[in-house]
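Throughout, a chain's letter reflects where its sequence line sits, starting with A, and its residues are numbered from 1. As a basis for the values below, the full set of heavy atoms in this structure was taken, side chains included, without hydrogen atoms, waters or symmetry mates.
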Amino acid sequence: MRYLIVTLSLFGSLILESTLLEEFKVAGAKPDLLLIFVVFWALFYGKVEGAKLGFIFGLAEDLFVSRFIGLNVLCKMGVGYLVGMMENKFFKENFLVPAFTLFVATIINNIFYLAIIQVAGVGQNLAVFIWEATIPTAIYNACLSFLFYGKFYDLATKGYLGPGRRS
Amino acid sequence: MARWRIKKSTIAVLIFIGLCVVTIRLTTPSRNFLTPFEIWFRDLLAPLQSGVNTVTRFGRDTLENLWQLKDLQKENEELKKQVEQLTAENNLLEEYRQQNIRLRELLNMQSSLSSEYEYQTAEVIARDLKNWNQRLTINKGSKDGLAKDMAVLTYRGLIGRINSVTAKTAEVILLTDREGAVAALLQSSRFPGVVEGTTDNSGLLQMIHLPFDAPVSENEVVISSGLGEIIPKGLRIGYVVDVKIEPNGLMKKAMVKPFADLDRIEEVLVVTGVKGGE
């Protein structure tokens, strides 16, 4: 069951981000649904699981956009790992924590993004655009966490998600 | 051993990061190929993207249409008003254009006639109530020098003569009227006859009193002959469209289509005198 949900989340996020969410841009930014899912996952299941899912989602995103393959892998893995370190340090019922975490995680993700393209020596002309879109995207992601976290929480607490359950 | 493990994992992470950096550098947007994984993955998602995109576009268009409905209604009303206004203006302009064409033609005719005739221009202001296409009233009268039996023309040709005058108006009796007969001439063969109206409402005239052997052919032009001294000679009347034998078998008649459209006359010329004549 969890593979099905994760796969649907992955494909659904990629498709929605490339189609429907174009219509829902705010201040030129659209939400990063993949990152939202990785952050939720890491908050619930820890740094290793967060990094694993970050790797899978990052790789899928890179293959989908077909450029700089490895860039989102590193970003989302890093974010998944860092957020996963908070796993047991907050009450999962508190909906403000994921919202705040997503805000910070989005900024960290984009800092990673910028740093890696600098190190790799590619796409420097993207830097300004990425940075300008960072705060709107972070706010957007944080707001959407109120919409999605409840559903994720239900699925996770009922055991449909996470490494503990096999179906 | 622990230190060695840390080093090992750190090295593994560094190697992984290094590999990622290499793939990033190898997969810049400027490369000329896609890997089979990318092609497969994109092709896998393409139909889904297409479907969602279609639905999204439909939804967006529907919402936009609904959103714009009120504005469109308002705009539609304004445009309708504008259309009405412009149509009215256009009709007026068309009226002016048509009038302009007619007046130009009239002016041309005036210049060609001016060497031979004196004339007066006039506008049609009324038509006969019962037989509107056979008599009409013009806005010039005896005050302007008009008198009974003067020839009346349009730029296309002779249409009739003045039947009666008041100080400011004149009644024109058209060629199609039973009393509107004029002496005429076949232009090329010079055979004389009389052109009068017909009673079948065909809008045609008939040229009667033509001898049986008169060489009349279709399309031959008929002009006024000047006999009877009512209508000056040489004014174009119409052209022959048919030739018929009279019932007595001794004479024949030519059906003549008038050059002027007698149903649509708005401006006319009245020949008030012949230059050099009395």
Side-chain angles (χ1 to χ4, degrees), chain A residues 7-25 30 33-34 47-48 51-52 54-78 80-82 112-126 129, chain B residues 1-2 4-69 71-72:
Chain A
T7 308
L8 285 178
S9 301
L10 172 64
F11 283 15
S13 299
L14 286 172
I15 290 165
L16 288 179
E17 275 187 43
S18 60
T19 56
L20 183 68
L21 293 180
E22 281 292 324
E23 305 295 329
F24 291 93
K25 278 184 171 178
K30 56 183 176 180
L33 298 180
L34 296 169
K47 56 189 181 186
V48 176
K52 278 186 194 170
F55 173 81
I56 294 166
F57 276 32
L59 183 62
E61 189 174 354
D62 285 337
L63 290 175
F64 186 66
V65 298
S66 301
R67 60 177 177 271
F68 306 137
I69 291 170
L71 183 55
N72 279 300
V73 171
L74 288 176
C75 293
K76 286 195 165 56
M77 265 185 86
Y81 188 85
L82 289 176
F112 280 171
Y113 200 101
L114 280 174
I116 294 164
I117 59 172
Q118 293 294 334
V119 170
V122 292
Q124 282 92 340
N125 53 347
L126 286 175
F129 300 105
Chain B
M1 190 67 182
W4 170 242
R5 270 214 307 272
I6 290 165
K7 277 187 179 172
K8 210 171 155 184
S9 62
T10 307
I11 288 167
V13 168
L14 287 174
I15 289 171
F16 179 73
I17 291 172
L19 278 173
C20 282
V21 168
V22 170
T23 56
I24 290 168
R25 289 190 70 101
L26 288 175
T27 53
T28 56
S30 57
R31 71 192 158 127
N32 297 322
F33 64 94
L34 293 178
T35 62
F37 293 114
E38 290 166 288
I39 293 167
W40 172 79
F41 197 61
R42 284 169 73 159
D43 285 349
L44 180 72
L45 291 181
L48 294 170
Q49 273 182 303
S50 173
V52 174
N53 203 33
T54 306
V55 174
T56 303
R57 230 180 306 159
F58 175 76
R60 183 190 60 204
D61 292 346
T62 307
L63 283 173
E64 277 177 0
N65 289 343
L66 285 173
W67 197 257
Q68 290 171 355
L69 195 61
D71 288 344
L72 285 174

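Contacts with chain A were tallied for L26(B), V21(B), V52(B); V52(B) has the most, counting heavy-atom pairs under 4.5 Å. Of the listed residues (L48(B), I17(B), L45(B)), the greatest number of heavy-atom pairs within a distance under 4.5 Å of chain A belongs to L45(B).
With a threshold of 4.5 angstrom between heavy atoms, L44(B) approaches chain A through side-chain atoms but not through N, CA, C or O. F24(A) does not touch chain B: none of its heavy atoms, backbone or side chain, sits under 4.5 Å away. Using a 4.5 Å cut-off between heavy atoms, I69(A) contacts chain B through both its backbone and its side chain.
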What would the table of donor-acceptor pairs between chain B and chain A look like if you include every N and O pair under 3.5 Å, whether backbone or side chain?
| residue | atom | partner | partner atom | Å |
| --- | --- | --- | --- | --- |
| T23(B) | OG1 | I69(A) | O | 2.6 |
| I24(B) | N | I69(A) | O | 3.2 |
| R25(B) | NH1 | A120(A) | O | 2.4 |
| T27(B) | O | F68(A) | N | 2.7 |
| T27(B) | OG1 | F68(A) | N | 3.3 |
| T27(B) | OG1 | I69(A) | N | 2.7 |
| R31(B) | NH2 | S66(A) | O | 2.8 |
| R42(B) | NH1 | S66(A) | OG | 2.6 |
| Q49(B) | NE2 | S18(A) | OG | 2.8 |
| R60(B) | NH1 | E23(A) | OE2 | 2.7 |

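Taken to the nearest 0.5 Å, the CG atom of L59(A) stands 9.0 Å off from the CZ atom of F37(B).
Ring geometry for F16(B) against F55(A) counts as tilted: the plane angle lies between 30° and 60°, on a 0 to 90° scale.
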